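Notes for the one structure printed next.
Since the model is a prediction, treat every value here as computed from it, not as a measurement.
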Amino acid sequence: MDMPLPLTEQDADALVGRMGRLARDAARTLAGTPAARKADALLRAAGLLRARSAAILAANAADLARADASGMTAAMKDRLRLDGARLEGVAAALEAVAALEDPVGSIVDERNRPNGLLLRRVRVPLGVVGIIYESRPNVTADAGALALMAGNAAILRGGSEARASNAAIHAALADGIEAAGLPRDAVQMIPTTDRAAVGALLRAQGLVDIIVPRGGKGLVARVQDEARVPVLAHLDGINHSFVHASADKAMAEAIVVNAKLRRTGVCGATETLLIDRAYPHGPALVAALLGAGCAMRGDDEAQALDPRITPASDEDWDTEYLDAICSVRIVDGVEGAVAHIAAHASHHTDAIVAEDAEAAARFLGKVDSAIVMWNASTQFADGGEFGLGAEIGISTGRLHARGPVALEGLTTYKWQVLGTGQIRP
């Protein structure tokens, strides 16, 4: 239940401080918890999600009603919406995480030194993970499950638009954890939507080991600006699909339509279509998107392909639409595509459609994004599709973890040095 609003900074610090101390205690327990016990907690939580589906969907309906009243866009409501199939997917994701190999305690590498010392790098949990996210209630389960299975405690702060859905999902997760004999405080949810609590979480040095923001530019910018603890950033998905001159016509059309329109509100959706000037089927390609209900904004050459394409502004090339809108530009081969992506991408996911393997290799090598693809839809940018069970986000940075962050990304390592009495001369 939400705390009274507004919170003073002192109140927020006190709230997060209490939660952080409980999380730190829980993290110490989880660090030594066998994989089977952690998996049991997640399986119990999955069962509770199914048993409480009616109540969870009712909570989601209340969130959607508030979204309608506030004028939320259709794409954002799609992110928020749960139905029976999506809730089953949330439960199945918990089971998938439970079935993954526990990374904690695995040996990354080991070496013998000339003096007889044996050195090992061993995976260990990060500790306490603070996760700040918007819109999608499934993140409550995914983030909590991944943190737990990797031996971490988690403090969750979901968006106000999903507060009822998040609370209902979190209750099932916490009850499952407790039923398995693990600390209920292993996964906590901040019980207020006041933004002061976000600031307190970002200031929680010594209690929180890493912050994972998952949301729009405004959220990520605030976190990066204010955080006093390390940040594993999930930036927006300004993703590109580049159709090379050698692309198969049918494949290109199928991939591009799926990449843009399968679900427009996900971070893996393509936002800009780049077409090689030498590709012979440009009019048919844009017609496939337009015919599927996608509005298109293009440069002068792109507009010449179809009169339904409207002029693109400078801002369009840097926009994550999260809607049935796509910008389109004509470029000169791989080099032109790479240059455009370097200028406008968010380093999330970019793809090439090509039959020419040498062109694809150049694209994959030169595009500096967390995920690069060849002949596949950008909508595959998802931890579950990567076989990771779920994801806590797509990291677009270069340090610690990159791409879908799952169990391994929520661990670090320590050195173990095994000797037989050696002393340093």
Not counting sequence neighbours, which residues clear salt bridge (Lys or Arg N to Asp or Glu O under 4.0 Å) with [X]? List them please.
{"X": "D175", "value": "R52, R184"}
{"X": "E110", "value": "R120"}
{"X": "D316", "value": "R297"}
{"X": "R214", "value": "E391"}

Just to verify, what does [X] make a side chain to side chain contact (heavy atoms under 4.5 Å, CB included) with, not counting sequence neighbours?
{"X": "T349", "answer": "N239, I371, M373, T378, A381"}
{"X": "N115", "answer": "R113, L117"}
{"X": "A58", "answer": "none"}

Atom [atom1] in [X], atom [atom2] in [Y]: separation rounded to 0.5 Å?
{"X": "L80", "Y": "E161", "atom1": "CG", "atom2": "CD", "answer": "6.5 Å"}
{"X": "S395", "Y": "H348", "atom1": "OG", "atom2": "NE2", "answer": "10.0 Å"}
{"X": "Q379", "Y": "T270", "atom1": "CD", "atom2": "OG1", "answer": "7.5 Å"}
{"X": "L148", "Y": "R37", "atom1": "CG", "atom2": "CZ", "answer": "11.5 Å"}
{"X": "D368", "Y": "I341", "atom1": "CG", "atom2": "CD1", "answer": "11.0 Å"}
{"X": "I177", "Y": "D185", "atom1": "CD1", "atom2": "CG", "answer": "9.5 Å"}

Do any N or O atoms from the side chain of [X] and from the backbone of [Y] form a donor-acceptor pair under 3.5 angstrom?
{"X": "N138", "Y": "V90", "answer": "no"}
{"X": "H400", "Y": "V231", "answer": "no"}
{"X": "N375", "Y": "A354", "answer": "yes"}
{"X": "S369", "Y": "V372", "answer": "no"}
{"X": "E320", "Y": "G237", "answer": "yes"}
{"X": "W415", "Y": "L119", "answer": "no"}
{"X": "Q422", "Y": "T420", "answer": "yes"}
{"X": "N258", "Y": "A254", "answer": "no"}
{"X": "D276", "Y": "V243", "answer": "no"}
{"X": "D63", "Y": "S165", "answer": "yes"}

Any [X] side-chain heavy atom under 4.5 Å of [Y] side chain:
{"X": "R21", "Y": "D25", "value": "no"}
{"X": "I325", "Y": "T319", "value": "no"}
{"X": "V124", "Y": "T412", "value": "yes"}
{"X": "L285", "Y": "L273", "value": "yes"}
{"X": "W317", "Y": "I238", "value": "no"}
{"X": "L219", "Y": "Y133", "value": "no"}
{"X": "L201", "Y": "I132", "value": "yes"}
{"X": "V129", "Y": "L232", "value": "no"}

Can you name the closest pair of heavy atoms from [X] and [Y] and give their distance?
{"X": "A247", "Y": "A252", "value": "CB-CB, 4.3 Å"}
{"X": "V16", "Y": "A204", "value": "CG1-CB, 4.2 Å"}
{"X": "D194", "Y": "T192", "value": "N-OG1, 3.1 Å"}
{"X": "A370", "Y": "T396", "value": "CB-CA, 4.5 Å"}
{"X": "S327", "Y": "Y321", "value": "CB-OH, 3.6 Å"}
{"X": "I392", "Y": "L146", "value": "N-CD1, 3.4 Å"}

Which pairs count as salt bridge (Lys or Arg N to Asp or Glu O under 4.0 Å) when at least one residue sits in [range], sequence neighbours excluded?
{"range": "residues 225-240", "value": "K217-D236, R222-E226"}
{"range": "residues 91-100", "value": "R50-E95"}
{"range": "residues 123-136", "value": "R123-E408"}

Which pairs would a plain distance check flag for residues 39-46, meaning a side-chain donor or acceptor within less than 3.5 Å of a matching protein atom at least two apart in sequence or in another chain?
from, atom 1, to, atom 2, distance (Å)
D40, OD1, R44, NE, 3.4
D40, OD2, R44, NE, 2.9

Exercise. With F242, which of D350, V334, V353, V367 fulfils side-chain contact (heavy atoms from CB on, under 4.5 Å)?
Worked result: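 Checked D350, V334, V353, V367 against F242; only one passes side-chain contact (heavy atoms from CB on, under 4.5 Å): V334.
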
For this session: Assess the side chains of T193 and S160: does a donor N or O sit below 3.5 Å from an acceptor N or O?
Result: no

For this session: Go through the side-chain N and O atoms of H244 and S246 and say whether any donor and acceptor fall under 3.5 Å apart.
Result: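 Present: a donor and an acceptor within the cut-off.
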
For this session: Could you walk me through whether K260 and M296 pass side chain to side chain contact (heavy atoms under 4.5 Å, CB included), step by step?
Result: CA-CA 11 Å; K260 175 67 251 185; M296 302 194 74; over 6 Å; no

For this session: Apply the test side chain to side chain contact (heavy atoms under 4.5 Å, CB included) to residues L87 and I56: give CA-CA distance (whole Å), side-chain angles for both, the deciding distance (0.1 Å), then the verdict.
Result: CA-CA 9 Å; L87 186 57; I56 294 170; 4.0 Å; yes

Exercise. Passes salt bridge (charged side-chain N to carboxylate O under 4.0 Å, His left out), R81 versus D83? Steps please.
Worked result: CA-CA 7 Å; R81 181 176 291 107; D83 56 24; over 6 Å; no

Exercise. Should T33 and L30 be marked as a side chain to side chain contact (heavy atoms under 4.5 Å, CB included) after you check the CA-CA gap, both sets of side-chain angles, and the distance that decides it?
Worked result: CA-CA 5 Å; T33 298; L30 291 173; 4.3 Å; yes

Problem set entry | Verdict with reasoning, I275 to V286, per side chain to side chain contact (heavy atoms under 4.5 Å, CB included) | CA-CA 10 Å; I275 303 176; V286 298; 3.9 Å; yes

Exercise. Considering residues at least two apart in sequence or located in another chain, which fulfil the ring pair (Phe, Tyr, Trp, His ring centres under 6.0 Å) criterion with F380?
Worked result: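 Residues passing ring pair (Phe, Tyr, Trp, His ring centres under 6.0 Å) with F380: none at all.
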
Exercise. Within a reach of under 6.0 Å around CD of Q10, are more than 12 heavy atoms found that belong to other residues, nucleotides or ligands?
Worked result: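 For Q10, atom CD is not crowded (no more than 12 foreign heavy atoms under 6.0 Å).
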
